Each structure stands twice: as structure tokens, then as C-alpha cells.
A.B. asks: 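Got a structure for you, questions after.
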2 protein chains.
Amino acid sequence: MRIGQLAAASGVTTKAIRFYEKAGVLPAPARQASGYRQYDHGAIERLAFVRAAQAAGLTLRQITDVVSARENSGPPCQHVVDLLEQHAGSLERRIAELTALLAQVRRLGHRATTLDPAQCHPSQVCHVIPPSDGGTPSS
Amino acid sequence: MRIGQLAAASGVTTKAIRFYEKAGVLPAPARQASGYRQYDHGAIERLAFVRAAQAAGLTLRQITDVVSARENSGPPCQHVVDLLEQHAGSLERRIAELTALLAQVRRLGHRATTLDPAQCHPSQVCHVIPPSDGGTPSS
DNA sequence: CTTGACCTTCCCGCGCAGTGGAACGTCTAC
DNA sequence: GTAGACGTTCCACTGCGCGGGAAGGTCAAG
């Protein structure tokens, strides 16, 4: 099948498919005499894996590592398990950061209800957001 | 004071200060005859506001809006309150997304412990991550 | 033969918040 | 007068995941 059919079958644009190939996340397919890419049926499954892994929040870089591990040394299950565990850890940290940030933003919003706009000196931009409160950067 | 002193006093690099000015988040300061930027004391406070607002997770675009509202029509408190409320809402949504994603990743990790690597067909990349499970996209 | 759908490669752009470096001007101390 | 610490501008690059469009080649139908 050609790239257009693969795109239609997988729901991924031809642009994205070529991008994945260039990024190393999909192997370079065979070419027809015309230069057109020629895909076999497995390409649909590989593409489905890429989308599933993306839906799990993995980056293309991480997926590329999984795919090349698979190509070099068989099923990369342990690698994938480690990756998922590590990913779960970073999700937890990120959630904790955002939760702390949410609490901080809520404090500011609440604080605003007790302040008088007239008390806002021109030298400040807005006294609702005070300097150096040690908020967690959202990186 | 010159830009280097402002940088030292505020803990922000000269690069970032010039970047803020170009982005419209800081007003263009006066210039000396040499062309050097000349800052008054209020610049330190404006910069502190920018950093505090960033620590609260606001983007430079949002901060720019607050600053220009301040310049055009006095204390932007209501604007800021609305902004914070809206920001809290998007933080909540983001946290919910990431929490759902974390649950999904945990399910995958757990599932991996019940699978046999030998069962992983070559046509798949890795059977730990199955296709089309309807995971929430992380963006 | 020509039209139109498909394919190829290529580079540019987005949004975000800067950082790095080049090439050059300025000020201060010795 | 010269070293070096500071300042100025501009352009490029980072990571992420593509999308848009140009300029051209290929293939089937009418």
C-alpha cells in the first residue's frame, strides 16, 4: 500500500507518517520504481503502536528508543516497563507541582477579595500578586 | 541604573530583561546619551511582579495583558482576579487529564506483569502497550 | 494529450521563554 | 592608549510535533 492508503487506514496524516520516518520512529519502507513508499500490513500495527504510546503520554524520542530496542534485541518489554514506571513517576511529580500551584493561585484569588484596589500603588503593577512568595515554578 | 545592575538586583539575566522589553511585558526605559538603557527603581518592582506572576504559572502573554491594562486604565485587579480564576480552572483540567493518564500508565505497567515476552509477536512492537485503548491524549 | 489525484523532496512556520554568539560601540582604570 | 568590563543590535538555536505550501515527478482515466 502507498502512503495515502496507510494514512487513511490509520487516521494519521501523510505528513506525520513521513515525519515519524525521518524521526526514526518508523522504519524506512521499500520504494516502488517510481520512488513511492511501499508499505506492508505491519506498518498499520507499528503506527497503531506509536499512537497508543503517544496516548500514554510518551514522547516520540522515547517511542523511538523502544522501537530501536525492539529492532536490535527482540521484545523490549523490560525497557517498556521501566519506561512506564519512570513516566508514572514524572506524572506524579508534575501533578504534585500543579496541585501546589493551584493552591497558590487559589490563595491569590481569595486574597484579592480582601484587598482594596485603591491601595494599589502605582509603583506596583497589581498588588494581588505580591513579589517573592516562593511559588513553585511551573517549568 | 543600567541593565547589568538591574539584572544583579533582580536575579534576572540581561538577556531576559531585553526579551521582556521586546515582548512588551516591560516598558522601554529611558536611554543615556550612549544608548545604554537607564532604569529607575520601579523597574525592580515591575520585574518582581513579572517573576511572581510567572511563578503563579501565568504566561508572558497574559502578564503582558495585565501590564498594559495597568498602563491604560489603572489597577487591573478585576482583570487579574478573572485571569487567576480562569487559570485555576485550566490547572484543574490539566490535573484531571494527567491523573487519568497516570491511571492509564499504571494499568499498562500492571498488565505487563501478567504478560509473557515470548507472546509478543514480531508484527507488534511491544504487546505491553496495546493499540486503541482510548487513552486520553496528554496535550 | 491533458487533467487531476497522488506522490516526492524541500524549507518555513507555529508557540513558549528564553540562551548563545557574532560584531560592534562605550566607559573606566591603569 | 589600551585592556577589559560593560553595553548595543541582530540572528540562530533549543525541544516538541507536526502543518502549510512550493516545485516538481508519476499514474490512471477520459
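Values in this document were obtained by computation on a predicted structure and should not be read as measured data. We name chains A, B, ... by the order of the sequence lines, and we start the count at 1 in each one.
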A.B. asks: How close or far is atom C1' of C/dT26 from atom CD of B/Gln38, stated in whole angstroms?
C.D. replies: 15 Å
A.B. asks: I want to confirm an ordering. Mapping B/Thr59 and A/Gln5 to their closest nucleotides on DNA chain C, which one lands closer to the 5' end?
C.D. replies: A/Gln5
A.B. asks: In whole Å, what is the span from the CZ atom of B/Arg31 to the P atom of C/dC27?
C.D. replies: 14 Å
A.B. asks: CZ of B/Arg61 versus C1' of C/dG18: gap in Å, rounded?
C.D. replies: 18 Å
A.B. asks: Classify the side chain of B/Tyr20 versus the base of C/dG18 as yes if they form a donor-acceptor pair under 3.5 Å and no if they do not.
C.D. replies: no
A.B. asks: Check the distance between C/dA5's P and A/Arg2's CZ and give it to me in whole angstrom.
C.D. replies: 14 Å
A.B. asks: Could you walk me through whether A/Ile63 and A/Leu60 pass side-chain contact (heavy atoms from CB on, under 4.5 Å), step by step?
C.D. replies: CA-CA 5 Å; A/Ile63 300 170; A/Leu60 282 188; 4.2 Å; yes
A.B. asks: Starting at the 5' end of DNA chain D, which residue's closest nucleotide do you reach first, B/Ile3 or A/Leu60?
C.D. replies: B/Ile3
A.B. asks: Going 5' to 3' along DNA chain D, between which two nucleotides do contacts with chain B fall, using a heavy-atom cut-off of 4.0 Å?
C.D. replies: D/dC6 to D/dC10
A.B. asks: Counting the atoms with a prime plus P, OP1 and OP2 as sugar-phosphate, which does B/Arg18 contact under 4.0 Å by heavy atoms, base, sugar-phosphate, or nothing?
C.D. replies: base
A.B. asks: Could you give the CD-to-C1' distance, from B/Gln62 to C/dG15, as a whole number of Å?
C.D. replies: 13 Å
A.B. asks: Take atom CE of A/Met1 and atom C1' of C/dC7, then tell me their distance rounded to the nearest Å.
C.D. replies: 15 Å
A.B. asks: Please determine which of A/His79, A/Gln86, A/Gln78 meets the side-chain hydrogen bond (donor to acceptor under 3.5 Å, both in side chains) test together with A/Asp82.
C.D. replies: A/Gln78
A.B. asks: Scan B/Arg18, B/Gln38, B/Glu21 and name whichever one has a side-chain contact (heavy atoms from CB on, under 4.5 Å) with B/Ile3.
C.D. replies: B/Arg18
A.B. asks: Which residue, B/Ser34 or B/Arg51, contacts DNA chain C at a nucleotide closer to its 5' end, judged by nearest heavy atom?
C.D. replies: B/Arg51
A.B. asks: Can you see which heavy atom on A/Ile44 is nearest to which on A/Ala9, and at what distance?
C.D. replies: CD1-CB, 4.0 Å
A.B. asks: To the side chain of B/Lys15, which of C/dG20, C/dC7, C/dA17 is closest?
C.D. replies: C/dG20
A.B. asks: Of the non-hydrogen atoms in A/Ser10 and A/Leu47, which two are nearest, and what is the gap between them?
C.D. replies: OG-CD2, 3.4 Å
A.B. asks: Between atom CZ in B/Phe19 and atom P in C/dG15, what is the gap in whole Å?
C.D. replies: 12 Å
A.B. asks: Walk me through whether A/Arg106 and B/Glu92 qualify under salt bridge (Lys or Arg N to Asp or Glu O under 4.0 Å).
C.D. replies: CA-CA 11 Å; A/Arg106 288 227 183 287; B/Glu92 277 180 345; 2.4 Å; yes
A.B. asks: Write down the distance between CD (A/Glu21) and C1' (C/dC10), rounded to a whole number of angstrom.
C.D. replies: 15 Å
A.B. asks: Salt bridge (Lys or Arg N to Asp or Glu O under 4.0 Å), that's the test. Do A/Asp40 and A/Arg46 meet it? Break it down for me.
C.D. replies: CA-CA 11 Å; A/Asp40 57 7; A/Arg46 278 188 290 271; 3.4 Å; yes
